[in-house]
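Please read the structure below before turning to the comments.
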Amino acid sequence: VQLQAFGGGLVQAGGSLRLSCAASGRTLGSYAMGWFRQAPGKEREFVTAISSSGGSPYYTDLVKGRFTISRDNAENTVYLQMNSLKPEDTAVYYCAAARGQASARSRKYEYWGQGTLVTVSS
């Protein structure tokens, strides 16, 4: 599976962005999907994940209530809607695919996109 994340950019605090993760090579329908992020000088951290069927999404407390993960298996795409963005959300965002159940553990993910940079200005 090849994953490509896009949709990042520069936004002011309080603004919104929607990231997309498009897959090629195989259908995403059999994979759980996750979004992770890595801020400058920090380790990669879990943001959100969703099951292969689109149910049971869960989020890190840092983004709960502001971010929404969704997927369109027919379009082979996963989305991350980010609202009420904060400067601390600034990071490179990565999408990833995992066989089996969704997980917050990056080691569970077999395929990774190249990342898209989100910069939130104060």
Side-chain angles (χ1 to χ4, degrees):
V1 178
Q2 290 81 45
L3 301 175
Q4 183 176 5
F6 54 95
L10 174 63
V11 63
Q12 289 187 334
S16 299
L17 280 175
R18 188 175 82 155
L19 306 184
S20 300
C21 176
S24 60
R26 291 184 183 178
T27 177
L28 279 185
S30 58
Y31 293 88
M33 297 297 297
W35 285 95
F36 293 77
R37 66 187 183 186
Q38 188 168 17
K42 296 187 177 181
E43 294 186 352
R44 187 175 300 184
E45 65 178 2
F46 169 76
V47 177
T48 178
I50 191 169
S51 69
S52 58
S53 65
S56 305
Y58 60 100
Y59 305 85
T60 175
D61 287 345
L62 295 173
V63 308
K64 198 173 294 182
R66 300 188 297 121
F67 289 12
T68 303
I69 188 172
S70 61
R71 64 189 299 159
D72 185 339
N73 287 342
E75 295 293 327
N76 238 18
T77 303
V78 177
Y79 303 98
L80 180 63
Q81 178 66 43
M82 305 185 296
N83 298 329
S84 302
L85 283 161
K86 304 176 181 180
E88 51 263 44
D89 294 319
T90 294
V92 177
Y93 284 72
Y94 299 89
C95 59
R99 303 177 194 270
Q101 294 182 338
S103 173
R105 299 177 61 187
S106 60
R107 292 182 178 182
K108 293 289 188 179
Y109 291 83
E110 184 175 355
Y111 303 101
W112 291 81
Q114 85 287 359
T116 185
L117 176 62
V118 173
T119 303
V120 185
S121 63
S122 57

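Since this is a predicted model, take the numbers as computed values, not measurements.
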Task: Derivation and outcome, side chain to side chain contact (heavy atoms under 4.5 Å, CB included), residues Val11 and Met82 - done: CA-CA 11 Å; Val11 63; Met82 305 185 296; over 6 Å; no
Task: Verdict with reasoning, Leu28 to Leu3, per side chain to side chain contact (heavy atoms under 4.5 Å, CB included) - done: CA-CA 10 Å; Leu28 279 185; Leu3 301 175; 4.0 Å; yes
- [ ] Just do the side chain to side chain contact (heavy atoms under 4.5 Å, CB included) check on Phe67 and Thr60 with the steps written out, would you?
- [x] CA-CA 10 Å; Phe67 289 12; Thr60 175; over 6 Å; no
- [ ] Just do the side chain to side chain contact (heavy atoms under 4.5 Å, CB included) check on Arg37 and Val63 with the steps written out, would you?
- [x] CA-CA 12 Å; Arg37 66 187 183 186; Val63 308; 3.9 Å; yes
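In this structure, OG on Ser52 lies 7.5 Å from CG on Asn73, to the nearest 0.5 angstrom. Rounded to the nearest 0.5 Å, atoms CZ (Phe6) and CZ (Arg18) are 8.5 Å apart. For the atom pair Ser106 OG and Glu45 CD, the distance stands at 11.5 Å (nearest 0.5 Å). Note that CG of Leu117 and CD of Gln38 are 11.5 Å apart. Values are rounded to the nearest 0.5 Å. A distance of 11.5 Å separates CD in Gln12 from CG in Leu85, rounded to the nearest 0.5 Å. To the nearest 0.5 angstrom, Arg99 atom CZ is 4.0 Å from Tyr31 atom OH.
In this structure, Gln101 places its CD atom where only 12 or fewer heavy-atom neighbours from other residues, nucleotides or ligands lie under 6.0 Å away.
Closest heavy-atom contact between Ile69 and Pro57: CG2-CB, 3.6 Å. Considering every non-hydrogen atom in both Ala97 and Met33, the closest pair reads CB-SD, 3.5 Å. Between Ser30 and Thr27, the shortest heavy-atom contact is OG-O, 4.0 Å. Contact detail for Tyr94 and Gln114: the closest heavy-atom pair is CE2-O, 3.5 Å. The heavy-atom pair separating Val47 from Tyr93 by the smallest distance is CG2-CE2, 4.3 Å. Between Leu10 and Ser121, the closest heavy-atom pair is CD1-CB, 4.3 Å.
Residues Leu19 and Tyr79 fall into different hydrophobic clusters, defined by Ile, Leu, Val, Met, Phe, Trp and Tyr side chains chained together at heavy-atom separations under 4.5 Å. Residue Val78 is grouped with residue Leu17 when hydrophobic side chains (ILVMFWY) are merged at heavy-atom distances under 4.5 angstrom, including chains of intermediate members. In the hydrophobic clustering of ILVMFWY residues, with side-chain heavy atoms under 4.5 Å counting as a link, Phe46 and Val92 come out together.
Here the side chain of Arg71 pairs no donor or acceptor atom with the backbone of Ala32 at under 3.5 angstrom. Looking at Tyr58, its side chain does come within 3.5 Å of a backbone N or O of Ala102 through a donor-acceptor pair. One N or O on the side chain of Tyr109 and one on the backbone of Ser103 form a donor-acceptor pair closer than 3.5 Å. Side chain of Asp89 to backbone of Leu62: no donor-acceptor contact under 3.5 angstrom is found. The closest donor-acceptor contact from the side chain of Asn76 to the backbone of Arg26 lies under 3.5 Å.
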